[in-house]
Amino acid sequence: MTKTIKVKDVYIGGNHPISIQSMCNTKTHDIPATIDQIQELTAAGCEIIRVAVPDQAAANALSQIIPAVEIPVVADIHFDYRLALSAIENGVHKLRLNPGNISNTQNVTAVVKKAQNYSIPIRIGINSGSIEKNLLKQYGVSATAMVLSAKNHIDLLESLDFTDICVSLKASNVPLSIAAYELFSKQYNYPLHLGITEAGTLYNGTVKSAIGIGALLSRGIGNTIRVSLSDDPIQEIKCAKAILQSLNLRKFGVEIISCPTCGRTQFDLIKLVHKVEAYTQNFSADLKVAVMGCIVNGPGEAREADIGIAGGNGSGIIFKKGQIIRKVPEDELFTTFCKEFQSLL
Ligand code: SF4
């Protein structure tokens, strides 16, 4: 089991639930826009938010952003130790920073001591695209190079008695990322932040993230996740929730199962399933809902669903745990389903 770190009121590691993170794509110095986006993401289910801190204006903005939002805020800092010091002073709850990238030991020590005094954990974020030259020369872009790169940063922090650490080993190549996280987890018990970096647009990025993050989580590796998509960050939260729910690691309300349709389907199932999904996502009940394409096979195939709906030629049925309870004309199917669904709440 990994060590646990605390980020404001969210625990990462040990037996704590796998938390969901995202990153703002607003300019951090645009305070109202950043607060709005964090609030939207929080409402969607984001539990930890990261913001870029590329300059002093962004570091200063944190002092107004942090008190205005509920969830922990992580400052993403690349090289400038002064920005890290300001971010901590301005109330940030965690730093994402690779200490080896800060130019001199005195400056690293200043950041680490301040993080220690404020109980601020540091995430070491290894990215396959920015491995140190000497490691690349010896090991190429590989899991070994990524883990050794993490080791350099960890050694530096540990030499200063700092162990409030979380690590990520991201690559856009899924097998490489999986191998790096696996290798790391055999050697260290620091909690892991999982992600497939530069995963791409909504469709491909979702697939790559689900495979990479899902493979690791299913092997018991990973403590917090961030899905990276070239899209609205709200989509990252939806994807993260679906990954966690698919692996039975977290429950986020109603689960929809639906058949892929086939030659037996005699109505517009795809339209209906979208309607049912939009309706049921307003409820947080732990229920499984099935939307099936035919009356003959639907109830049996979706026996494990708490409630289901199946359409036919001009009429449809509502079933519960595989048993038909109502038969109704097609135009009443959705409203009847809604009533029956509500009776289960
Ligand atoms: S439930 Fe009916 S329509 Fe859907 S895939 Fe199965 S047999 Fe085909």
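All figures in this text were calculated on a predicted structure; none of them were measured in a lab. Counting convention: from 1, in listed order, for ligands and their atoms alike. Below, all heavy atoms of this structure are taken into account, side chains as well, without hydrogens, waters or symmetry copies.
A salt bridge links Glu340 to Lys320: one of the charged nitrogens lies within less than 4.0 Å of a carboxylate oxygen.
With 2.8 Å as the limit, Cys294 does not count as an N, O or S neighbour of atom 4 (Fe) of ligand 1. Counting backbone and side-chain atoms alike, Cys262 contributes an N/O/S atom closer than 2.8 Å to atom 8 (Fe) of ligand 1.
Ring centers of Tyr190 and Phe184: at least 6.0 Å apart, outside the cut-off.
The protein non-hydrogen atom at the shortest distance from atom 5 (S) of ligand 1 is Cys259 SG, 3.8 Å. Nearest to atom 7 (S) of ligand 1 among the protein's heavy atoms is Asn297 ND2, 3.2 Å. Among protein heavy atoms, the minimum distance from atom 1 (S) of ligand 1 is reached at Glu301 OE1, 3.5 Å.
Between Asn297 and Cys294 there is a side-chain heavy-atom pair separated by less than 4.5 Å.
Taking CG of Leu157 as the reference point, atom CG of Leu97 lies at 8.0 Å (rounded to 0.5 Å).
Atoms of ligand 1 lying under 4.0 Å from at least one heavy atom of Arg264, given by number and element, are 7 (S). Those atoms of ligand 1 with a heavy atom of Thr265 less than 4.0 angstrom away are 3 (S).
Ring geometry, His16 versus Tyr11: the interplanar angle falls under 30°, so the pair is classed parallel (tilted spans 30 to 60°).
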Assess the residue pair Gln56 and Ser86 against the criterion (side-chain hydrogen bond (donor to acceptor under 3.5 Å, both in side chains)); give the C-alpha distance rounded to whole Å, side-chain angles, the decisive distance to 0.1 Å, and a yes or no. CA-CA 8 Å; Gln56 196 58 50; Ser86 294; 3.0 Å; yes

